[in-house]
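Encoded as structure tokens, the structure appears first; notes follow it.
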Amino acid sequence: MAVLPKEESTEVKKIKERAEKLGISHVDLAGREIPIEVLALVPEEAAKFYQIIPFEKSENKLRVGLVNPDDLQAREALRFITLRSGLTPEVFIITTGDFSNCLKQYKNLKTEVSRALTQFKEEEEEEDGEAAKKKREVKEVAEKTLAEAPISKIVDVILRYAYDGHASDVHIEPLEKEVKVRFRVDGTLHASLFLPKNVHSAVAARIKILSNMKIDETRIPQDGRFQIRVGDVKIDLRVSVLPTMQGEKVVMRLLDPSAAMLGYKELGLVSHNLEALKKGISRPFGMILVTGPTGSGKSTTLNAVLREMNQEGVNIISLEDPVEYYIEGVNQSQIRPEIQYTFASGLRSILRQDPDVIMVGEIRDSETAGLAVHAALTGHIVLSTLHTNNAIGVIPRMVDMGIEPFLLPASLNLSIAQRLVRRLCPECKTEVEPSPKVLEMIDKELSGVPAEVLKELNVKKPFKLCQSRGCKYCNHKGTKGRIAIFESLSMTKELEKIVLETLSEGEILKEANRQGMITMKQDGLLKVLQGIISLEEVLRAVEE
């Protein structure tokens, strides 16, 4: 197996040259987990001030990374610190990036939460019996939460840990005897922390206060939103609270603004699918419908389209539930079904706002579908989402929702289906020889892909696949980040005839093949042969 070469950064090259001049060694700490007991040997304040990171203890030696090993003050401080512990320092030079990443480990999730829990317990013990009884009442606990540093600290640490770990969601789930905290990373939930059951009400109340929810209402679901700042980045959080038998379950979705800035290439839109999309949005009116299950990245794709169309001379209005990412220059409106402000009623209103482009978060019912078609027929570009298994299923689904078939050819420009799959870690992926059976399957699937597409994507025989075993950079998962696989179907004269005459999915599929449609499976296999994702990941996504 050949390990794919990794280019050394300019900073690392400079550090190695500097290390040679100083006569010391360079150590790579990227992705390295440092034991808590080792970090504890150098106080966080000293580590931050002198840019020192202890990373390994061996017998009476402490291996330490310094950004500036020629700084006499830092060396003297290190000598003093290790002298107290009876250790001899062994100095290495490290990059500023490694230092910053390792410094974050002082803010270890379990350590910080444990400290906060200890403080919370001590404060509880100081209260007399009557106060302790009152504190068990949810409202009393919630009101006091604003001033309770331990509970605020627990919530802050959980959120910061979620952001640093690139989690998309945080689940706080009450069990019978404890509270489970799970983080969703690259689409998979991981249990990371367990809290005592007695802090659950206070933690839930703290989040409800931040989200502007009713803190004394625990019988019905509630939704809210709040914002935190991590360094220089503002993160929006969408919060859902659901009553369960063991207490309120809290789910927080982290909406990182940088995710809304992804371009077509980062999303995975290339070649035939990208050309079809660009052609669809270049037309003066018509619908572009993106379909897929919940969590397949439909909103992110529509955001990329909106940014492409967001120009001074274009009036764009969106109806969303909820507004996930704010886009400068787009008039975004949050629907509120509880006061009868729905996608349907909102669509009626925004048609009087002289829009050029309308984005409807989701077509959920026949009324919204009818209004979207009407908007497309009256000179507007309409972007929206549906729930179907593939791009071909969009036309039958619209007919099922009460749209007359003769209206679809004039109103529908393009349907796109997508799924999210996990990227292989670029640091540990290796090339492997596929088995004859796998090669046969790939050959068969790609036989319908136009030769110019294979050439454009530099996919050629002999085919090579990639696998990842996991490393320190991907936390030994083998994957890092996600990308989408797509398929798209354009409205053509031939498809128009099928819609008006037979409306058969089999005939639509034949027309899709005539168009040269690249299916999601084919798009996934092309990304497999480019070394972006694994074969297993594609098969899981398209066959589940």
Chi angles and distances behind the side chain to side chain donor-acceptor pair (under 3.5 Å) call for D365, T368: CA-CA 6 Å; D365 51 54; T368 308; 2.8 Å; yes
Full working for side chain to side chain contact (heavy atoms under 4.5 Å, CB included) between R514 and E511: CA-CA 5 Å; R514 191 202 65 77; E511 166 57 17; 2.8 Å; yes
V203 and V155: CA distance, side-chain angles, deciding distance, side chain to side chain contact (heavy atoms under 4.5 Å, CB included) verdict: CA-CA 7 Å; V203 168; V155 174; 4.1 Å; yes
Candidate pair K104 and D164, rule side chain to side chain contact (heavy atoms under 4.5 Å, CB included), full reasoning: CA-CA 9 Å; K104 291 176 184 175; D164 289 342; 4.2 Å; yes
Residues E456, S271; criterion side chain to side chain donor-acceptor pair (under 3.5 Å); working and verdict: CA-CA 7 Å; E456 181 187 347; S271 188; 3.2 Å; yes
Intermediate values then yes/no, side chain to side chain donor-acceptor pair (under 3.5 Å), Q332 and E320: CA-CA 7 Å; Q332 296 170 273; E320 301 175 57; 3.0 Å; yes
Chi angles and distances behind the side chain to side chain contact (heavy atoms under 4.5 Å, CB included) call for E367, R348: CA-CA 11 Å; E367 187 181 8; R348 284 196 186 88; 2.4 Å; yes
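Counting only distance, with no hydrogens or angles, the side chain of D236 and the backbone of L255 share no donor-acceptor pair below 3.5 Å. At distances below 3.5 Å, at least one donor-acceptor pair connects side-chain atoms of H200 with backbone N or O atoms of E248. The closest donor-acceptor contact from the side chain of Q222 to the backbone of L242 lies at 3.5 Å or more, if one exists at all. A donor-acceptor pair under 3.5 Å is formed between the side chain of T388 and the backbone N or O of N390. With Q515 contributing its side chain and S490 its backbone, the two residues share a donor-acceptor pair below 3.5 Å. Listed for the N101 side chain is a donor-acceptor partner under 3.5 Å among the backbone atoms of G97. At distances below 3.5 Å, not a single donor-acceptor pair connects side-chain atoms of T479 with backbone N or O atoms of C425. In terms of modelled atom types and a separation under 3.5 Å, the side chain of N413 and the main chain of G280 share a donor-acceptor contact. Here the side chain of E537 pairs no donor or acceptor atom with the backbone of S534 at under 3.5 angstrom. Side-chain N or O atoms of K249 include none that pairs as donor or acceptor with a backbone N or O of T244 at under 3.5 Å.
Considering only heavy atoms from C-beta on, D356 stays 4.5 Å or farther from H380 through its side chain. L414 places a side-chain heavy atom less than 4.5 Å from the side chain of L277. With contacts defined as side-chain heavy-atom distances shorter than 4.5 Å, the pair L267/T300 qualifies. Looking at heavy atoms from C-beta onward, T218 lies out of side-chain contact with D216 at the 4.5 angstrom threshold. The shortest side-chain heavy-atom distance between L237 and R225 does not fall under the 4.5 Å cut-off. Here the side chains of I381 and M309 are in contact, with some heavy-atom distance below 4.5 Å. Between V459 and Q530 there is a side-chain heavy-atom pair separated by less than 4.5 Å. The closest side-chain heavy-atom distance from D523 to E487 is not below 4.5 Å.
Within the structure, salt bridge (Lys or Arg N to Asp or Glu O under 4.0 Å) pairs that include any residue of residues 403-414 do not occur (at least two apart or interchain).
Here the closest heavy-atom approach between residue Q418 and residue S296 is recorded as NE2-O, 2.7 Å. The two residues E217 and K208 have their closest heavy-atom pair at O-NZ, 2.9 Å. Closest of all the heavy-atom pairs between E507 and I498 is O-CD1, 3.4 Å. In this structure, A191 and R182 approach most closely via the heavy-atom pair CA-CG, 3.6 Å. Scanning both residues, L407 and I403, for their nearest heavy atoms gives CB-CG2, 4.3 Å. When all heavy atoms of G478 and S468 are compared, the closest pair comes out as O-CB, 3.1 Å.
Between atom CZ of residue F486 and atom NZ of residue K527 there is a gap of 7.0 Å, rounded to the nearest 0.5 Å. F183 contributes atom CZ, which lies 11.5 Å from atom OG of S168 (distance to the nearest 0.5 angstrom). In this structure, the separation between CD on Q340 and CD1 on I335 is 11.5 Å, given to the nearest 0.5 Å. How far CG of L319 is from CD of Q334: 10.0 Å, rounded to the nearest 0.5 Å. Taken to the nearest 0.5 Å, the CG atom of L289 stands 8.5 Å off from the OG1 atom of T385. Interatomic distance, E496 CD to T492 OG1, rounded to the nearest 0.5 Å: 8.5 Å.
Ion pair K197/E178 not flagged as a salt bridge, since none of the NZ, NE, NH1 or NH2 atoms sits closer than 4.0 Å to an Asp/Glu carboxylate oxygen. Using a cut-off of 4.0 Å between Lys/Arg side-chain N and Asp/Glu carboxylate O, D321 and R364 are scored as salt-bridged. Ion pairing between E494 and K497 fails under the 4.0 Å rule for side-chain N and carboxylate O. Looking at E275 and K278, no side-chain N of the basic residue comes within less than 4.0 Å of a carboxylate O on the acidic one, giving no salt bridge. Taking 4.0 Å as the cut-off between side-chain N and carboxylate O, E452 and K455 do not count as a salt-bridged pair. Remark: R422 does not engage D186 in a salt bridge, criterion side-chain N to carboxylate O under 4.0 Å.
The environment of H374 atom NE2 is sparse: at most 12 non-hydrogen atoms of other residues, nucleotides or ligands sit within 6.0 angstrom. In F285, the CZ atom is not crowded: 12 or fewer heavy atoms of neighbouring residues, nucleotides or ligands sit closer than 6.0 Å. Residue E312 qualifies as open at atom CD: its count of foreign heavy atoms under 6.0 Å is 12 or below.
Looking at Y341 and S333, their side chains do bring a donor and an acceptor atom within 3.5 Å of each other.
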